[in-house]
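Here's the structure we're looking at; comments come further down.
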Amino acid sequence: MRKAVFPGSFDPLTKGHLDIIQRASVLFDEVVVAVGINTNKSGLLSPAERLTLVQEAVGHLPNVKIGQVEGLTVDYMHEIGAQYLVRGLRNTKDFEYERDIAEVNSVLSGVETVLLLAKPENQNVSSSMVKEIAKFGSDKLDAFVPPVVVKALQKHFQS
């Protein structure tokens, strides 16, 4: 069985993330969306909120599961028996970063990284950008995130 992990902080999940998940679900027998905590970023949504939002957004994909990762992604992959790591690429900066991470992961565990190119409509979207748009109450948030995330962000910033 070809099992892949798509790791990220998903704070919040964007349409770009969702597109990569959907495309990976066609390529692999099982895809685990591994919601983690990026220690280099300050979180907006709690890990529990992120897990719930991801689950709601991908619930229609029968071979996609949700997991929570603490520590190294390659250790988590070993625990669940995944052989492939899926990452999305938006631009050349992403490529350079992901290439370096893929090499380190290969040295650490021999895992194979599969890079999927972002579709043009998602190439300029980041979770950080989405948080900024949401913070200022834009009515165009739905262009960047799934409806369930729009609601959660609106609720968060109305508080």
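None of the values given here were measured: they were computed from a predicted structure. Residue indices begin at 1 and follow the sequence shown. Below, each value reflects all heavy atoms present in this structure, side chains not excepted, and no hydrogens, waters or symmetry copies.
Note on Leu51: it clusters hydrophobically with Val145, by side-chain heavy-atom contacts below 4.5 Å among ILVMFWY residues. Both Val130 and Leu45 are part of a single hydrophobic cluster, where members link through side-chain heavy atoms under 4.5 Å apart. If you chain together hydrophobic residues whose side chains sit under 4.5 Å apart, Val125 and Leu117 never meet in one group. The cluster map of Ile, Leu, Val, Met, Phe, Trp and Tyr, joined by side-chain heavy atoms under 4.5 Å apart, puts Ile133 and Val149 in the same cluster. Val32 and Val35 fall into different hydrophobic clusters, where Ile, Leu, Val, Met, Phe, Trp and Tyr side chains are chained together by heavy-atom contacts under 4.5 Å.
With sequence neighbours left out, Lys119 forms a salt bridge (charged side-chain N to carboxylate O under 4.0 Å, His left out) with Asp19.
Leu61 has its side chain within reach of Gln22: a pair of non-hydrogen atoms, C-beta onward, lies under 4.5 Å apart. Using a 4.5 Å heavy-atom cutoff, the side chains of Arg50 and Leu13 are not in contact. In this structure, Val31 and Val64 have side chains that are in contact, with non-hydrogen atoms separated by less than 4.5 Å. A heavy-atom distance below 4.5 Å is not found between the side chains of Val114 and Leu85. Side-chain contact between Leu116 and Leu89 is absent, with no heavy atoms from C-beta onward closer than 4.5 Å. You'll find the side chain of Phe10 reaches within 4.5 Å of the side chain of Val33, heavy atoms only. Glu132 places a side-chain heavy atom less than 4.5 Å from the side chain of Phe136. For the pair Met129/Phe144, no side-chain contact is recorded, criterion being any heavy-atom separation below 4.5 Å from C-beta on.
The shortest heavy-atom contact between Leu27 and Arg2 is O-NH2, 3.1 Å. Of all the heavy atoms in Ala4 and Val86, the pair that sits closest is CB-CG2, 3.8 Å. Nearest heavy-atom pair, Ala134 versus Leu141, reported as atom, atom and distance to 0.1 Å: CB-CD2, 3.9 Å. Here the shortest heavy-atom pairing between Asn63 and Ser25 reads ND2-O, 2.8 Å.
Distance check: Thr92 OG1 to Tyr97 OH gives 15.5 Å after rounding to the nearest 0.5 Å. Taken from CD1 in Ile20 to OG1 in Thr14, the straight-line distance is 9.0 Å, to the nearest 0.5 Å. Atom NZ of residue Lys65 and atom CD of residue Glu30 lie 5.0 Å apart, to the nearest 0.5 angstrom. The line from CD of Glu49 to CG of Leu153 is 9.5 Å long, rounded to the nearest 0.5 Å. The line from CG of Asp11 to NE2 of His17 is 10.0 Å long, rounded to the nearest 0.5 Å. The CE atom of Met77 lies 10.0 Å from the NZ atom of Lys3; values are rounded to the nearest 0.5 Å.
Judged purely by atom type and a 3.5 angstrom limit, Asp29 has no side-chain atom pairing as donor or acceptor with the backbone of Met1. Checked by atom type and distance alone, the side chain of Ser127 pairs as donor or acceptor with a backbone atom of Pro12 at under 3.5 Å.
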Please list, one pair per line, the donor and acceptor atoms closer than 3.5 Å that link side chains of residues 98-108 to other protein atoms, with sequence neighbours excluded.
| residue | atom | partner | partner atom | Å |
| --- | --- | --- | --- | --- |
| Glu98 | OE1 | Arg87 | NE | 3.1 |
| Glu98 | OE2 | Arg87 | NE | 3.1 |
| Glu98 | OE2 | Arg87 | NH2 | 2.9 |
| Asn105 | ND2 | Ile101 | O | 3.4 |

| request: Check the pair Val111 / Thr73 against side chain to side chain contact (heavy atoms under 4.5 Å, CB included), numbers first and verdict last. | output: CA-CA 10 Å; Val111 66; Thr73 301; over 6 Å; no
| task | Start with the C-alpha gap between Ile80 and Val5, add the side-chain angles, then the distance that decides, and say whether side chain to side chain contact (heavy atoms under 4.5 Å, CB included) holds. | result | CA-CA 9 Å; Ile80 66 168; Val5 168; 3.7 Å; yes
| field | Verdict with supporting geometry, Asn122 and Arg90, side chain to side chain contact (heavy atoms under 4.5 Å, CB included) | value | CA-CA 7 Å; Asn122 298 319; Arg90 295 172 298 173; over 6 Å; no
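The 12-atom threshold is not exceeded at CD of Glu112, counting heavy atoms of other residues, nucleotides or ligands nearer than 6.0 Å.
Among residues at least two apart or in separate chains, ring-ring contact (aromatic ring centres under 6.0 Å, His included) pairs with a member in residues 47-85 are Phe28-Tyr84.
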